[in-house]
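Before any comments, here is the structure.
Counting from 1, the numbers follow the sequence of the chain as shown.
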Amino acid sequence: MDPPALLGVRCDTCGRYSFPVAPDCPLCGVPGPSPVALSAAGTLWAWTEVTSAPPGYLGAVPYGFGVVELPEGVRVITRLASPVADYEFGQSMHLTFVELPGEDGQPVTTWEFRT
């Protein structure tokens, strides 16, 4: 079984990748791009630390938030594993999945990247 991955699309016309899945290529507008599993490793492009919980968020703070660029050229806005004090531009990051508390008491699974 393949490990979990982020699902994006690759346009059959322009050849570019994008995330998340969309019915049309967001780059050239052609309908019906093909679903693809995106790479689980990338490089850190930008980041910050969230120190105050946004409305409705029940997880722990602080946590990292940033942009990871994947080899396909896609930049994913993502949760980052904390602490972020030692992060550096271009640092290798790897996809993981975490469970956070949901509003109804049931855990919610989401993705994050970590070193």
Side-chain angles (χ1 to χ4, degrees):
M1 174 186 273
D2 291 331
L6 295 179
L7 186 62
V9 292
R10 182 182 180 280
C11 179
D12 298 324
T13 300
C14 72
R16 294 183 284 183
Y17 294 83
S18 59
F19 175 82
V21 171
D24 300 325
C25 175
L27 303 166
C28 73
V30 171
S34 301
V36 293
L38 297 172
S39 298
T43 56
L44 187 60
W45 193 76
W47 67 98
T48 191
E49 187 170 63
V50 177
T51 58
S52 181
Y57 176 77
L58 302 174
V61 288
Y63 63 91
F65 190 75
V67 179
V68 172
E69 186 170 42
L70 303 179
E72 294 87 355
V74 175
R75 290 183 180 156
V76 177
I77 298 171
T78 182
R79 178 184 169 89
L80 299 171
S82 294
V84 299
D86 296 329
Y87 284 174
E88 296 179 11
F89 179 80
Q91 185 172 12
S92 293
M93 304 295 285
H94 303 280
L95 177 68
T96 60
F97 291 85
V98 296
E99 286 190 349
L100 300 174
E103 289 184 19
D104 60 0
Q106 296 297 313
V108 175
T109 302
T110 189
W111 75 88
E112 72 178 14
F113 280 81
R114 63 179 55 235
T115 56

Is [X] linked to [Y] within one hydrophobic cluster, defined over Ile, Leu, Val, Met, Phe, Trp and Tyr using a side-chain heavy-atom separation of less than 4.5 Å?
{"X": "Phe97", "Y": "Tyr57", "value": "yes"}
{"X": "Val98", "Y": "Val108", "value": "no"}
{"X": "Val61", "Y": "Leu80", "value": "yes"}
{"X": "Leu27", "Y": "Leu6", "value": "no"}
{"X": "Val9", "Y": "Leu38", "value": "no"}

How close do [X] and [Y] get, heavy atom to heavy atom, and via which atoms?
{"X": "Thr78", "Y": "Trp111", "answer": "OG1-NE1, 3.0 Å"}
{"X": "Ala37", "Y": "Glu72", "answer": "O-OE2, 4.5 Å"}
{"X": "Pro33", "Y": "Cys11", "answer": "CB-CA, 4.0 Å"}
{"X": "Glu103", "Y": "Leu58", "answer": "CA-CD1, 3.7 Å"}
{"X": "Glu99", "Y": "Pro107", "answer": "OE1-CB, 3.7 Å"}

Do other residues, nucleotides or ligands put more than 12 heavy atoms under 6.0 Å from Asp86 CG?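 Open: at most 12 neighbouring heavy atoms sit under 6.0 Å from CG of Asp86.
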Take atom CG of Leu7 as the centre, draw a 6.0 Å sphere, and report whether it contains more than 12 heavy atoms from other residues, nucleotides or ligands. yes
